[in-house]
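See structure below.
Order of listing sets the numbers, starting from 1, for every ligand and every atom in it. These numbers come from the heavy atoms of this one structure, side chains and all, not from hydrogens, waters or symmetry mates.
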Amino acid sequence: MPGTLFTQVRILDCSGEMPYPGEVLVQGNRITSIHRGEPAIPREDHLVIDGGNSMTLMPGLIESHSHLSIDNSDDLAKIGMVPPEETTLIAMRYAKFYLDCGITSCISAAAAKPRVDVVIRNAINAGEISGPRTLAASPWLTVTGGLGDLRREHMPDFSSMAIVLDGPEAFRQKTRELIREGVDIIKLVISGDTFVPHAPSDSTVMSEAEVAAAAEVVHAHRRRMSAHARSADAVKLCIRYGIKVIYHANFLDEEALDLLEANKQWVFVSPNIGFTAIAAYEGEDWFTEEQVQQLGFREELAGAAEGLTELRKRGVRILGGGDYGFGLTPHGNNARDLDHLIKYCHFDSMEALLTMTKHGGAAMDMGDKLGQIQEGFLADLLLIDGNPLEDLKMLMERDRLQVVMKDGDLHKNSI
Ligand SMILES: [Zn+2]
């Protein structure tokens with residue numbers, strides 16, 4: 001079968017092994033042959049893409065915390081005001097843009113409207129629009145007074161992009177509705193957050209009964225959950241109720257660290273420290289020094305760095321990318337956090353890179369076919385001018401991306 005043959009490339013397979021020179025053949029949507037060393041795979045009728053011995057072939061990036069339906073805005077009220085139709089167009093635009101950026105898979109971490117991720121995922125899968133492989137999330141479910149509840153006593157109906165619920169029955173019903181509408185992931189906001197004055201990051205605002213009610217429905221339907229869990233108690237609830245992808249996990253105590261380690265076969269931590277790191281040290285245009293101190297970004301980053309350094313040591317899988325689509329963290333800079341993991345959490349560049357490749361594939365339950373260059377794996381591939389291991393920030397430079405292939409199709413080919 002005629003395919004695409006990448007020749008004279010540096011193969012960075014993202015198994016954890018260092019790169020090696022060779023050739024890779026793609027037929028249909030799979031990697032069918034890998035050869036190490038001098039050219040050897042017969043050319044036949046294949047389209048040949050030559051890396052000139054200077055380019056790197058690596059798996060497409062997997063974003064573990066995407067918000068395709070948010071238009072680089074920090075204002076949750078404004079995001080809430082955008083109608084569903086426009087929201088869908090926003091998500092469609094960024095879905096294509098993510099492929100342009102080499103992001104070939106996304107685990108959504110909340111949609112701005114209940115059905116937008118579902119519609120986008122379905123249209124991508126049907127080949128109607130361009131975009132990454134996508135796990136569709138619900139909007140985030142929060143409690144009265146939690147992150148995203150923008151109502152006040154005098155404006156009881158004001159809504160943001162969050163869905164505000166109280167009590168196990170309300171969580172059970174909404175979870176059933178959202179699964180009926182087709183979401184893959186129910187997103188819970190279990191802990192507080194920096195931006196909620198009466199419920200800071202180290203507090204746990206959702207009750208165990210509420211988490212349990214959502215979990216019961218999710219597990220009955222064999223769907224999955226993710227959670228905003230900055231506090232140690234929120235992380236413990238995640239483990240207890242089978243929440244596979246835990247976001248943030250800034251303030252871990254010894255018990256939470258032990259629990260994560262004991263469950264590392266199935267659980268993943270997606271720290272999303274980009275926003276915090278940028279706010280703490282590069283956010284002059286957004287926050288005054290007084291605000292940085294008042295909001296505690298540096299303490300939050302230090303807490304996260306301490307926890308992540310420990311999780312890395314204990315072999316808990318960390319996921320990269322995270323929370324891009326806000327003003328401070330615009331879409332397209334998703335690989336920025338890889339450098340933060342090196343800078344603040346003692347990762348080496350290979351370990352950091354695996355958080356957006358190998359571990360991302362495993363977090364999507366596709367670890368045996370996604371996130372690495374191996375024979376039989378899905379052909380989501382990037383050809384990069386240079387060696388990303390020398391500086392992972394290179395992954396944000398779109399003009400270095402010579403080829404973007406998703407599912408065997410060439411989304412971009414500049415060779
Ligand atoms: Zn988020």
Exercise for review: Search all heavy atoms of Pro139 against all heavy atoms of Leu178 and return the closest pair with its distance.
Suggested key: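 In this case the closest contact between Pro139 and Leu178 is CD-CD2, 4.2 Å.
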Review point. So Met58 and Arg10, side chain to side chain contact (heavy atoms under 4.5 Å, CB included) or not? Walk me through it.
Key: CA-CA 9 Å; Met58 63 168 281; Arg10 179 187 298 111; over 6 Å; no
Exercise for review: Please step through ring-ring contact (aromatic ring centres under 6.0 Å, His included) for the pair Phe275 and Tyr324, ending with a clear verdict.
Suggested key: CA-CA 8 Å; Phe275 190 97; Tyr324 286 78; 9.3 Å; no
Review point. Do Arg151 and Phe158 meet the cation-pi criteria used here (NZ or CZ under 6.0 Å from the six-membered ring centre, within 45° of the axis)?
Key: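 Relative to the ring axis of Phe158, which defines the angle, Arg151 lies outside at least one limit.
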Point to revise | N, O or S atoms of the protein lying under 2.8 Å from the Zn ion (ligand 1) | key: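 The answer, once waters are left aside, is His65 NE2, His67 NE2, Asp323 OD1.
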Exercise for review: Using a strict 4.0 Å threshold on nitrogen-to-oxygen distance, state whether Glu299 and Arg230 make a salt bridge.
Suggested key: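 Answer for the salt bridge query: no.
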Review point. So, the side chain of Arg317 versus the backbone of Gln265: is there a donor-acceptor pair under 3.5 Å, distance only?
Key: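 Between the backbone of Gln265 and the side chain of Arg317 there is a qualifying donor-acceptor contact (under 3.5 Å).
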